[in-house]
Engineer: 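Encoded as structure tokens, here's the structure I'll be asking about.
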Number of protein chains: 2
Amino acid sequence: MTRRPTIIDVAREAGVSKSTVSLVLQNSASVRDETRKQVRAAMARIGYVYNRSAANMRSSNAGLVGLVINDLRNPFFTEFATSLQMALADKGYSAVIANTDEDPGLQAQVVGSMIEHGVSALILCPAYGETRATFDAIARAGIPAMQMLRRVDDRLDLFPLTAPDYARGSGEATRHLLAGGARQVAFVGGLEGRAVTEERQDGYLSALAEAGMTPVMLTGQSTREFGRETARRLAETHPQVDAAVCFNDLVALGMLSGFQEVGRDVGQGFRLVGFDDISEAAQCFPTLTSVRCDIARIGAQAAETVIDWLDKGTPPPGETRTPVSLVVRQSSGGDGRS
Amino acid sequence: MTRRPTIIDVAREAGVSKSTVSLVLQNSASVRDETRKQVRAAMARIGYVYNRSAANMRSSNAGLVGLVINDLRNPFFTEFATSLQMALADKGYSAVIANTDEDPGLQAQVVGSMIEHGVSALILCPAYGETRATFDAIARAGIPAMQMLRRVDDRLDLFPLTAPDYARGSGEATRHLLAGGARQVAFVGGLEGRAVTEERQDGYLSALAEAGMTPVMLTGQSTREFGRETARRLAETHPQVDAAVCFNDLVALGMLSGFQEVGRDVGQGFRLVGFDDISEAAQCFPTLTSVRCDIARIGAQAAETVIDWLDKGTPPPGETRTPVSLVVRQSSGGDGRS
DNA sequence: CTGAAAGCGCTTACAG
DNA sequence: CTGAAAGCGCTTACAG
């Protein structure tokens, strides 16, 4: 295997100096068009490939963004990471992606190695827990970092947060169920003590308070399993509950399948709303009413924001709330099926 | 923001030469334990972080592996990418991940930028199409690359393939349905002309041939939508079909919801088998019989294989087929529910 | 618009 | 076991 050509080889081949080649590489305006073409042609001829590590040593914009995700197997986060990565690629950035599985220890490790790799910025859907030292390390390295979807570190000036307006979403969902005639609405899923859980519960609680109704909170893991189990036993444990706002769509889809299993009708018999509006919500049966966060847009937006931050050097606002909207489908008895 | 400390700063702080620091960084055996400790302590004191870009310029093991995935939103590939990434992280490697959305053009671009970033190896679930030039570029760069799950480039000596034994899986699935009393088994989903589709169809076709039965192939996109539409109209278009092997679980889950919509019973009335055994297969209702590929293991395995290749310099065998197994659940009428 | 020179932070022989 | 020197492939002022 012969060594990879460098800009010196390109310079020789094109008959210019290596500075000129470097300038061409950076699309500098101070190179004549004709020269530029010759250089590009020379590159193609000898199969030159740009060495970013070398470039990075001098100028340090690696063109690398680190993406740290708490649960990459959850379709909501998959969609986020994917749309973000693709938007970054569109702007010429690559993404180092790591799943932390909600483990703050693992998170510390992957953040550390991303910093070593010289990422220009970090985008985190952070794990909960002991994360202070990790965020401190990011700050010390002077790397722009955004908290997405979850508020874990309170220093929003350093680590600005972008998240959907969760409280509004669950509020709307709850009001929708009440307007449809629900007598007793439960909130299902969500682990206690987490910011996102609290926000989603808050909207639900205020809507119930407005209507003068008592809340029923069935907290737990936000998984299909938990939803399924809850639905299976709901008739015994909470016979009066005839509607639910779920922490997320996974819980709602789990409930859907649990109800199917025990033969309970969803739509008229039991009114169900999910949260996140993952694509499956439109594909299941009955189709699932859900709070849309437009996560793909949030992902693409995050890419733009972070690149802007990198270019301009000024951080985005400390907190950005993105709009949510209720997408009414069959599971809440709200459309064609009634 | 003060500049990041370098090994020179560490050397000064620890009172040794910078070579010694470098040796410590590489865990070289030729440094006294006491010295090592002093150096490590100095690093911690001044907040040193390793600069891999600089290291990479000399030695070029970037500790970076590129992961190119055709469809990261598909839970099967998500699981693959996630388990692979986590296994890599476990060995001290980071992963640059890109979704190509089945677009060979995008694939060419992301592979190009991964090469620029100096990835030590590439793992591809490649997009179909015009990919020759992309694979050529990888070969020219001399980067170890594995094809996973799909055979797209025929140069298996250069780009070894690891994939489940698809034909065996669909064969078993088909025989299972026939043994359960199915009269007419269809194969649903899979785009024509693709290697994976052909392999999965092959197992089905041979099993039917053994039994002397005629195949019914309903090819199409391997999505929930396609499955759902197919199920909805199946009674009209193919009234005699009473069982199906699906190209993947998404199609099968789509059929499940389509059948629910039109009120057709799955399990006894219609026997259904999926492929891939994504985690949802165990969570839906009725639970889905599926061909398990153990994709998480394949992902972790791929990480080991590629690191081994990197360490030893010898490529794995040109073709590795991993075992599959049929997981019988309710949808094929095969368990407790009958 | 182009060329010669220095330097980014490491690793790698090579002496000691 | 440790130190001095060269060099990896670029970019960046600085002259011309």
Side-chain angles (χ1 to χ4, degrees), chain A residues 1-40 42-43 46-64 113 115-120 141-142, chain B residues 1-40 42-43 46-64 113 115-120 141-142:
Chain A
M1 245 163 265
T2 138
R3 111 200 126 65
R4 266 154 73 149
T6 74
I7 52 168
I8 298 189
D9 302 308
V10 177
R12 194 175 315 140
E13 173 78 17
V16 299
S17 84
K18 71 183 176 126
S19 312
T20 307
V21 177
S22 178
L23 260 9
V24 170
L25 248 16
Q26 296 164 81
N27 281 315
S28 159
S30 58
V31 176
R32 233 187 323 162
D33 246 30
E34 198 191 339
T35 313
R36 185 192 313 281
K37 266 180 209 145
Q38 279 169 8
V39 173
R40 290 275 177 212
M43 287 179 183
I46 66 177
Y48 170 76
V49 338
Y50 187 56
N51 182 331
R52 275 175 195 267
S53 297
N56 188 26
M57 281 208 53
R58 294 283 314 173
S59 68
S60 93
N61 186 339
L64 251 197
S113 82
I115 295 175
E116 286 187 1
H117 277 292
V119 294
S120 305
Chain B
M1 242 164 268
T2 138
R3 113 200 124 64
R4 265 154 73 150
T6 74
I7 53 168
I8 297 189
D9 301 308
V10 177
R12 192 175 318 142
E13 173 78 18
V16 299
S17 83
K18 69 182 177 129
S19 313
T20 308
V21 177
S22 178
L23 260 11
V24 170
L25 248 15
Q26 296 163 82
N27 281 316
S28 158
S30 58
V31 176
R32 234 187 322 161
D33 245 30
E34 198 191 337
T35 313
R36 183 192 315 282
K37 266 181 210 147
Q38 279 169 8
V39 173
R40 290 276 176 212
M43 287 179 182
I46 66 178
Y48 170 76
V49 339
Y50 187 54
N51 182 331
R52 275 175 195 267
S53 298
N56 189 27
M57 282 209 51
R58 295 281 317 173
S59 68
S60 91
N61 187 339
L64 251 197
S113 83
I115 295 175
E116 286 187 359
H117 277 291
V119 293
S120 306

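In what follows, every chain begins at residue 1, and chains take the letters A, B, ... in the order their sequences are listed. Because the structure is a prediction, the values reported are computed rather than measured.
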Engineer: Quick one: label A:T20 by what it contacts on the DNA or RNA (base, sugar-phosphate, nothing), any heavy atom closer than 4.0 Å.
Structural biologist: sugar-phosphate
Engineer: Which part of the nucleic acid, if any, lies within contact of A:T35, taking any heavy atom under 4.0 Å across all strands shown: a base, the sugar-phosphate backbone alone, or nothing?
Structural biologist: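 The residue A:T35 makes sugar-phosphate contact but no base contact.
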Engineer: Grab the two heavy atoms, one from B:S120 and one from B:G63, that are nearest each other, plus how far apart they are.
Structural biologist: OG-N, 3.7 Å
Engineer: May I ask you to test the B:K18-B:T6 pair for a side-chain heavy-atom distance under 4.5 Å?
Structural biologist: no
Engineer: Nearest 0.5 Å please: distance from the NE2 atom of A:H117 over to the NE2 atom of B:H117.
Structural biologist: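 Here the rounded value is 11.5 Å.
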Engineer: Which residues pass the salt bridge (Lys or Arg N to Asp or Glu O under 4.0 Å) test with A:R36, not counting sequence neighbours?
Structural biologist: A:D33
Engineer: Name all residues meeting the side-chain hydrogen bond (donor to acceptor under 3.5 Å, both in side chains) criterion together with B:N56; count only those two or more places apart in sequence or in a different chain, and write none if there are none.
Structural biologist: A:S53
Engineer: Do A:M57 and B:N51 have side-chain heavy atoms sitting under 4.5 Å apart?
Structural biologist: no
Engineer: Treat a base pair as Watson-Crick or G-U wobble with both distances under 3.5 Å, then lay out DNA chain D in dot-bracket form, 5' to 3', with | for cross-strand pairs.
Structural biologist: |||.||||||||.|||
Engineer: Does anything in residues 5-17 of chain B come within less than 4.0 Å of DNA chain D? Heavy atoms only, and list the residues if so.
Structural biologist: B:V16, B:S17
Engineer: Quick check for you: name the first and last nucleotides of DNA chain C, 5' to 3', having an atom under 4.0 Å from a heavy atom of chain B.
Structural biologist: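 First and last nucleotides in contact are C:dG9 to C:dT12.
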Engineer: Would you say B:R4 and A:I115 make side-chain contact, with heavy atoms under 4.5 Å?
Structural biologist: yes
Engineer: For B:M57 and B:R32, find the nucleotide of DNA chain D closest to each by heavy atoms; which residue's nucleotide sits nearer the 5' end?
Structural biologist: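 Nearest-nucleotide comparison on DNA chain D picks B:R32.
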Engineer: Roughly how far apart are B:L23 CG and B:S30 OG, rounded to 0.5 Å?
Structural biologist: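 B:L23 CG to B:S30 OG: 4.5 Å, rounded to 0.5 Å.
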Engineer: Closest-nucleotide mapping onto DNA chain C: is A:A29 or A:K18 further toward the 5' terminus? I mean the 5' end.
Structural biologist: A:A29
Engineer: Got a sec, which residues hit side-chain hydrogen bond (donor to acceptor under 3.5 Å, both in side chains) with A:S19, two or more places apart in sequence or on another chain?
Structural biologist: none
Engineer: Nearest 0.5 Å, what's the CG-CG distance between B:L64 and A:L64?
Structural biologist: 6.5 Å
